[in-house]
Amino acid sequence: MNFYSSLIARCAHTKSLTTLRTVHTNIIKSGFSYSLLAHKLIDAYIKCGYLAEARKLFDDLPNRHVVTWNSMISSHVSHGKSKEAVEFFGNMLVEGVLPDAYSFSAIFKAFSELGLRRHGQRAHGLAVVLGLEVLDGFVASALVDMYAKFDKMRDAHLVFDRVLEKDVVLFSALIVGYAQHGLYGEALEVFEDMVNRGVKPNEYTLASILISCGNLGDLVNGQLIHGLVVKSGMESVVASQTSLLTMYSRCSMVEDSIKVFNQLDYASQVTWTSFVVGLVHNGREEAAVSIFREMIRCSISPNPFVLSSVLHACSSLAMLAVGEQIHAITMKLGVDGNKYAGAALINLYGKCGNIGKARSVFDVLSELDVVSINSMIYAYAQNGFGHEALQLFERMKKLGLVPNGVTFISLLLACNNAGLVEEGCQIFASIRSNQNIELTRDHFTCMIDLLGRSRRLEEAAMLIQEVRNPDVVLWRTLLNACKIHGEVEMAEKIMRKVLELSPGDGGTHILLTNLYASAGKWNQVIEMKSTIRDLNLKKSPAISWVDVDREVHTFMAGDLSHPRANEIFEMLHKLIEKVKTLGYNPDTRFVLQDLDEEKKRSSLYYHSEKLAIAFALWKTIGRTTTIRIFKNLRVCGDCHSWIKFVSHLTGRDIIARDAKRFHHFKGGLCSCKDYW
DNA sequence: GTAGGGTTAG
């Protein structure tokens with residue numbers, strides 16, 4: 001008996017299941033009544049992680065003691081089998097065995113995991129009746145944790161208050177609860193209380209409290225707690241390090257977060273992830289990509305968090321090639337159906353103008369939610385696919401998902417970029433009647449742009465009246481519409497309004513100058529230019545860039561600085577002569593200087609977007625790849641027409657992303673259907 | 001003889 005007993009104990013200690021089974025068989029063979037050893041066997045099977053066998057023994061056991069019930073309950077909870085744990089708990093009550101502190105501390109977690117709120121409350125009542133609620137720290141902290149997970153922070157705090165001897169775990173459970181509900185100030189208050197009472201925080205407490213400081217942007221407390229981490233010797237604990245790093249990056253102290261990272265002996269997957277996320281948060285996209293690469297080199301498998309984050313970095317830099325590599329990694333890991341990674345991929349392809357690929361990512365998503373559909377609607381919107389965006393909105397409604405503010409902004413943008421005025425008006429009306437969506441300035445701006453550009457200027461002006469504090473952007477949107485339709489008088493009125501709001505607004509002066517120029521009012525142009533000079537307003541220069549073979553080349557108008565300028569200009573001249581025979585006629589209305597016709601024409605020829613395209617075509621002669629160019633301002637009308645001819649002439653697809661949207665040129669046509 | 005809380009994302 002003692003012999004077997006110690007054998008079982010050894011198996012449990014070394015977690016060797018095979019030996020345990022041999023011992024078990026031998027006990028049966030020896031004809032030994034093993035009911036005396038059964039408890040030990042159950043315990044050993046649990047320690048070896050073999051719950052099925054433990055259960056078999058347990059089911060055959062006569063007189064089951066509360067300790068064995070507890071073992072069955074807690075082992076099932078910790079193996080993620082909360083449903084079974086709840087069944088054990090119920091059966092235990094049916095058999096008339098009273099639960100003790102051990103049973104409660106395990107079972108509350110099962111309830112919260114299964115979302116069984118009423119069960120949890122009933123069990124809480126029983127714990128109160130049995131006098132176990134607040135006397136045992138384990139029970140109380142499990143209760144606090146359960147209520148926090150049920151979003152009942154008030155109940156959590158009430159239980160907490162009733163406990164007389166509060167230990168570090170109880171404090172931490174409440175702090176974590178507050179922090180996870182975004183109540184960082186409350187978390188800090190509890191932490192302060194804890195320190196005042198002389199309860200020493202541990203790594204769990206510190207991790208949560210650092211996150212709270214970070215999210216509050218409270219660098220002072222953050223640094224204080226950093227000191228505490230060092231003092232309590234918790235510096236080398238992965239979670240403390242990760243939270244420290246996150247705290248510094250949320251407080252915009254990137255350099256400090258880099259310092260923390262560089263001092264690590266070992267970084268876990270979560271640490272790498274936090275670091276990359278922090279860099280992206282702080283606009284350090286390139287650093288984020290290179291850290292991500294290092295992570296891969298260190299054989300750390302990336303999770304959807306870091307993939308999503310680094311993909312966002314790629315989209316904001318329009319690094320399509322790198323993004324595609326990461327897409328490949330995502331597929332290899334089999335997480336391309338993950339909604340976070342998927343939304344980031346859709347965003348990437350949308351921002352790089354590859355709507356087909358965005359859609360194919362969307363189609364393999366394993367779970368559709370509002371955000372993932374929003375990403376796809378936004379991608380369609382940016383690229384001028386209005387009808388497709390609207391169709392997706394219908395699908396969203398059919399799936400029973402509730403559209404949010406972002407959905408409506410994307411839909412209005414989609415209508416705007418596709419010139420779908422009536423549809424846009426309908427969407428706007430449905431936002432008005434939707435109780436759950438607040439009409440924001442962005443919604444108005446979009447709508448005013450849509451109406452204004454389709455010459456419904458009066459309606460657009462009426463709409464502005466509804467906005468409480470119309471800002472410069474809003475007025476400038478209307479001004480832009482006036483410019484498109486040559487409405488000088490209205491524009492002048494608006495100009496006065498804008499200058500009241502913001503006397504030195506450069507963009508407005510430039511818009512009005514351009515309007516006078518396109519209306520041929522050169523005297524006013526000269527006047528405006530001198531005002532601009534007096535105000536010392538600078539017009540941001542037009543820049544276009546193009547990514548050829550993973551190298552970015554930048555061009556300004558008439559730019560001779562490129563090392564291959566000769567070849568580029570030669571190519572450009574050839575292109576211009578050829579497209580002229582196809583019907584291209586330089587449109588000098590887009591030259592905003594008072595020059596003679598010939599000079600106006602030649603100033604058009606050297607616009608930055610034309611140079612970028614000529615370069616890309618020269619560099620990729622003989623290939624059929626799509627050319628992608630980017631421009632910091634809106635693409636010029638003459639260039640737009642020229643690019644259409646070039647796409648027809650060369651048979652190449654050209655995608656231009658300007659400050660506002662995408663243009664896909666193919667076979668002499670543009671996806672915007674000349675409406676932008 | 002059994003038990004508690006943490007760090008990463010649109």
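Proteins get letters first, then strands, A, B, ... in listed order; numbering begins at 1 in each.
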When the distance from [atom1] of [X] to [atom2] of [N] is rounded to whole Å, what number comes out?
{"X": "His312(A)", "N": "dA9(B)", "atom1": "NE2", "atom2": "P", "value": "11 Å"}
{"X": "Asn63(A)", "N": "dG1(B)", "atom1": "CG", "atom2": "P", "value": "19 Å"}
{"X": "Leu41(A)", "N": "dT2(B)", "atom1": "CG", "atom2": "C1'", "value": "17 Å"}
{"X": "Ile42(A)", "N": "dT2(B)", "atom1": "CD1", "atom2": "P", "value": "14 Å"}
{"X": "Tyr102(A)", "N": "dT2(B)", "atom1": "OH", "atom2": "C1'", "value": "6 Å"}
{"X": "Ile46(A)", "N": "dG1(B)", "atom1": "CD1", "atom2": "P", "value": "15 Å"}
{"X": "Phe261(A)", "N": "dT8(B)", "atom1": "CZ", "atom2": "C1'", "value": "13 Å"}
{"X": "Asp100(A)", "N": "dA3(B)", "atom1": "CG", "atom2": "P", "value": "12 Å"}

Can you tell me whether the side chain of [X] and the base of [N] have a donor-acceptor pair closer than 3.5 Å?
{"X": "Asn347(A)", "N": "dG10(B)", "answer": "no"}
{"X": "Ser105(A)", "N": "dA3(B)", "answer": "yes"}
{"X": "Ser243(A)", "N": "dT7(B)", "answer": "no"}
{"X": "Asn202(A)", "N": "dG5(B)", "answer": "yes"}

Pair [X] + [Y]: ring centers closer than 6.0 Å:
{"X": "His119(A)", "Y": "Phe89(A)", "result": "no"}
{"X": "Phe292(A)", "Y": "Trp272(A)", "result": "no"}
{"X": "Phe191(A)", "Y": "Phe171(A)", "result": "no"}

Electrostatic pair Glu324(A):Lys357(A) at N-O distance under 4.0 angstrom: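 Looking at Lys357(A) together with Glu324(A), the answer is yes, because their closest N to O distance falls below 4.0 Å.
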Assess whether a salt bridge exists between Glu165(A) and Arg197(A), defined as any Lys/Arg side-chain N lying under 4.0 Å from an Asp/Glu carboxylate O.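 No.
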If you look at every strand shown and take non-hydrogen atoms under 4.0 Å, does Ser103(A) touch a base, only sugar-phosphate, or nothing?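 No contact.
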Taking any heavy-atom pair under 4.0 Å as a contact, classify Ser71(A): base, sugar-phosphate, or nothing.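 Sugar-phosphate, no base atom in range.
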Residue-level proximity of residues 132-156 of chain A to DNA chain B when a heavy atom falls under 4.0 Å: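 Nucleic-acid contacts, sorted: Asp136(A), Gly137(A), Phe138(A), Ser141(A), Asp145(A).
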